[in-house]
Amino acid sequence: MYEGIKGFRDFYPGEMQARRWAMDTVEGTARRYGFREVGTPALEPTEMYVDKSGEEIVDELYAFTDRGGREVALTPELTPTVARMVVARQQALSKPIKWYSTRPFWRYEEPQQGRFREFYQTNVDIFGSADPAADAEVLAVAAESLTGLGLTGEDFEFRVSHRDILGGLLAAFDAEVDTAAAIRAVDKREKIGAAEYHDLLAEAGLTYDQAAEFDDLLDTPEDDLDELVAFAGTERVEAAVSNLASVLDAAADFGAREYCTLSLDTARGLDYYTGVVFECFDSTGEVSRSVFGGGRYDDLIEGFGGQPTPAVGVAPGYATLSLLCQRAGVWPEETLSTDYYVLRVGDTRPVAARIARQLRDRGHVVETDVAGRSFGAQLDYADSINAETVVIVGERDLEDDAVTVKDMGSGDQVQVPVDDFPGDRERPTYGDFA
RNA sequence: UCCGGGCUGGGGUAGUGGUAUCCUUCAGCCUUGUGGGGGCUGAGACGUGGGUUCGAUUCCCGCGCCCGGACCCA
């Protein structure tokens, strides 16, 4: 017996079926918006992440030297990879570029609730449009994915913010502010006490009075965003506020507005965000954990050596998503489903095989005996895989040129002429013959 | 990396310084033809290494994995 690797999980058929449904739901939504699937490598040059995030990042990577002496790392996220792909074919790709991808990623972290060392995400990104409609479309894909899973506005909310509002306000203070540090503090605002929060802002360069004032500004309600513009008096904040309003306006037309709330203290830790940022929160849970997030990152492509290219994206992760669905009671039962079990007794394989093949041709899930088991054992098995209908192909039935069709829910069964099954029927069940 | 809790057949459990209970599951049979009822038979466990001990699943320590939290969060 071997133990698995810490933070890496196995998914057995029942759970995998539920995950497949969730992934299909999210991907199907993206596809209907015209996002195209891309495939990407599991390994990238370690340098790619170091250049983007600094040397410390290596501690959180699965990084090693390969046999050719290359420094490589298991991908901890998709964004650098798709950025690399966009840069590589920048001239050839028609804009906007709309891509999606579902894959595992790896980070060397301590596992916790909803967090593992290997985790799966669907990334949905648009490159080449700075229009607020692009931000709103990403929000719409995210919202429609969640409602497609059966979730409602009661279950989740998108807390929407804007990097330039935060950055612009900080810049408007008469102080030397470490913007990144201040934004990290904002991101923690809800998790830590007011005193500690103000301490962090002070460390970032604000005075305590300024910190308090900044704190008040973050609570500005949606309808009064003009007050922020008035406070800062800068074009930057004015443009950011106007951009945020435009995104929310487009989101309204796209049916996503009702899921969005203004939340200026939603910052996201990532440094590369430049405009609208948002996080999906569980609104039912007492611990409001972030389920996933997204936002605009207009400078990254240029930073990777490409033409300046605006970009916006979101990346739902399935660990937290399944927790959200379970809390909301919409996670499917993790049991197998089977349309037909063709039960074989005696030397009846040719007929049984013919029936099984015809049912499979119609697209059904059909099992038949591959273990040479007894009648009772086959029925037991059919029950264990939740077969809806059992078709008994037995020697006795065949003597009457018949098969027996049995409904496993009720136990009712009926003999049917063997040549009449399945006949022209798409999905014959007991009810069609009773 | 740190902190707290945990680890007994596949799953869930009882218990003990002298190797283990029960439920469930699985396989077979009763029943070459009826599962979701019953009976019988069988399979299957003390996470791992070390220490203490005549003897450790039990007590102690390390490690591993799991659950939760901190840090970090791309």
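Side chains are part of it too, since the values below use all heavy atoms of this structure and drop only hydrogens, waters and symmetry mates. Each chain gets a letter, A, B and so on, in the order its sequence line appears, and its residues count up from 1.
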Give every donor-acceptor pair under 3.5 Å between a side-chain atom in residues 301-311 of chain A and any protein atom, sequence neighbours left out.
from	atom 1	to	atom 2	distance (Å)
A:T309	OG1	A:Q90	NE2	2.6
A:T309	OG1	A:Q307	O	2.8

(message) When you compare the side chains of A:D199 and A:Y208, does any donor N or O come within less than 3.5 Å of an acceptor on the partner?
(response) yes
(request) Measure the distance from CZ on A:R103 to P on B:A74 and round it to the nearest whole Å. (result) 18 Å
(request) Using the C1' atom as the reference point in each nucleotide, state the distance between B:C59 and B:U16 in Å, no decimals. (result) 13 Å
(request) State whether A:F11 and A:R19 meet the cation-pi test: NZ (Lys) or CZ (Arg) under 6.0 Å from the six-membered ring centroid, and within 45° of the perpendicular axis. (result) yes
Give the table of side-chain donor-acceptor pairs shorter than 3.5 Å for residues 127-134 of chain A, with sequence neighbours excluded, one pair per line with atom names and distance.
from	atom 1	to	atom 2	distance (Å)
A:S129	OG	A:D131	N	3.2
A:D131	OD1	A:A133	N	2.7

(request) Would you mind reading off the distance between A:D10 atom CG and B:C65 atom C1', rounded to a whole angstrom? (result) 12 Å
(request) Classify every nucleotide of nucleotides 30-49 of chain B by which part a protein heavy atom approaches to under 4.0 Å, writing B for the base, S for the sugar-phosphate alone and - for neither, in 5'-to-3' order. (result) --BBBBB-------------
(request) Using the P atom on both, measure B:G68 against B:U57 and round to a whole Å. (result) 30 Å
(request) Would you mind reading off the distance between A:Y62 atom OH and B:A74 atom P, rounded to a whole angstrom? (result) 19 Å
(request) Calculate the interatomic distance between A:K6 atom NZ and B:C67 atom P; express it in whole Å. (result) 10 Å
(message) Among residues at least two apart in sequence or on other chains, which ones pass side-chain contact (heavy atoms from CB on, under 4.5 Å) with A:T81?
(response) A:T40, A:P41, A:E44, A:M48, A:Y49, A:T75, A:L78, A:R84, A:M85
(message) Per the salt bridge (charged side-chain N to carboxylate O under 4.0 Å, His left out) rule, what does the pair list look like for residues 100-116 of chain A, sequence neighbours excluded?
(response) A:K6-A:E110, A:E109-A:R115, A:E110-A:R117
(request) May I ask you to check if A:R9 and A:F116 form a cation-pi contact, with NZ or CZ under 6.0 angstrom from the six-membered ring centre and within 45° of the axis? (result) yes
(request) Return the 5'-most residue of the pair A:I5, A:S384 with respect to RNA chain B, ranking by each residue's nearest nucleotide. (result) A:S384
(message) I need the CD-P distance between A:E60 and B:A70, as an integer number of Å.
(response) 15 Å
(message) Give me the distance, rounded to whole Å, that separates B:U8 from B:G51 when you measure between the P atoms they each carry.
(response) 25 Å
(message) I need the full list of side-chain hydrogen bond (donor to acceptor under 3.5 Å, both in side chains) pairs touching residues 133-147 of chain A, with sequence neighbours left out, sorted by first then second residue.
(response) A:Y33-A:E144, A:K98-A:E137, A:D135-A:R296
(request) Let me have RNA chain B in dot-bracket notation, would you? Count Watson-Crick plus G-U wobble pairs, both distances under 3.5 Å, and use [ ] for pairs crossing earlier ones and | for inter-strand partners. (result) (((((((..(((.....[...)))((((((.......))))))...(((((..]....))))))))))))....
(message) Rounding to an integer number of angstrom, what distance separates B:G44 and B:G9 when you compare their C1' atoms?
(response) 5 Å
(message) With rounding to the closest Å, how many angstrom separate the C1' atoms on B:C54 and B:A45?
(response) 26 Å
(request) Could you pull out all residues at least two apart from A:D66 that satisfy salt bridge (Lys or Arg N to Asp or Glu O under 4.0 Å)? (result) A:R70
(message) Roughly how many Å apart are B:C22 and B:U13, using the C1' atom of each and rounding to a whole number?
(response) 7 Å
(request) Determine whether the aromatic ring centres of A:F64 and A:Y62 lie less than 6.0 Å apart. (result) no
(message) Taking side chain to side chain donor-acceptor pair (under 3.5 Å) as the definition, give me every residue that meets it alongside A:Y318, ordered by chain and number, with sequence neighbours left out.
(response) A:T122
(message) Within the 4.0 Å heavy-atom criterion, would you say A:G7 contacts the bases, only the backbone, or no part of the nucleic acid?
(response) sugar-phosphate
(request) Let me know the distance between CG of A:L200 and P of B:C71, rounded to the nearest Å. (result) 11 Å
(request) Could you work out the separation of B:U58 and B:U53 based on their P atoms and round it to a whole Å? (result) 16 Å
(message) I'd like to check the side-chain contact (heavy atoms from CB on, under 4.5 Å) partners of A:D299; sequence neighbours left out, ordered by chain and number.
(response) A:T274
(message) Distance check, C1' atoms only: B:G28 and B:A20, in whole angstrom units.
(response) 26 Å
Write down the protein N/O and nucleotide N/O pairs, taken from nucleotides 2-10 of chain B, whose separation is under 3.5 Å; answer none if there are no such pairs.
none

(request) Check every atom of B:C73, B:C71, B:C67 against the side chain of A:Q112 and return the nucleotide holding the closest atom. (result) B:C71
Which atom pairs, donor and acceptor, lie under 3.5 Å between side-chain atoms of residues 426-434 of chain A and protein residues at least two apart or in another chain?
from	atom 1	to	atom 2	distance (Å)
A:R427	NH1	A:E388	OE2	3.3
A:R427	NH2	A:D339	OD1	2.6
A:D432	OD2	A:T429	N	3.0

(request) Ignoring backbone atoms, establish whether A:Q113 has a side-chain N or O less than 4.0 Å from OP1 or OP2 of B:G68. (result) yes
(message) Any base atoms under 4.0 Å from A:R373, or only sugar-phosphate, or nothing? Heavy atoms, all strands.
(response) sugar-phosphate
(request) State whether the distance check finds a donor on one side and an acceptor on the other, under 3.5 Å, for side chain A:R115 versus base B:C72. (result) yes
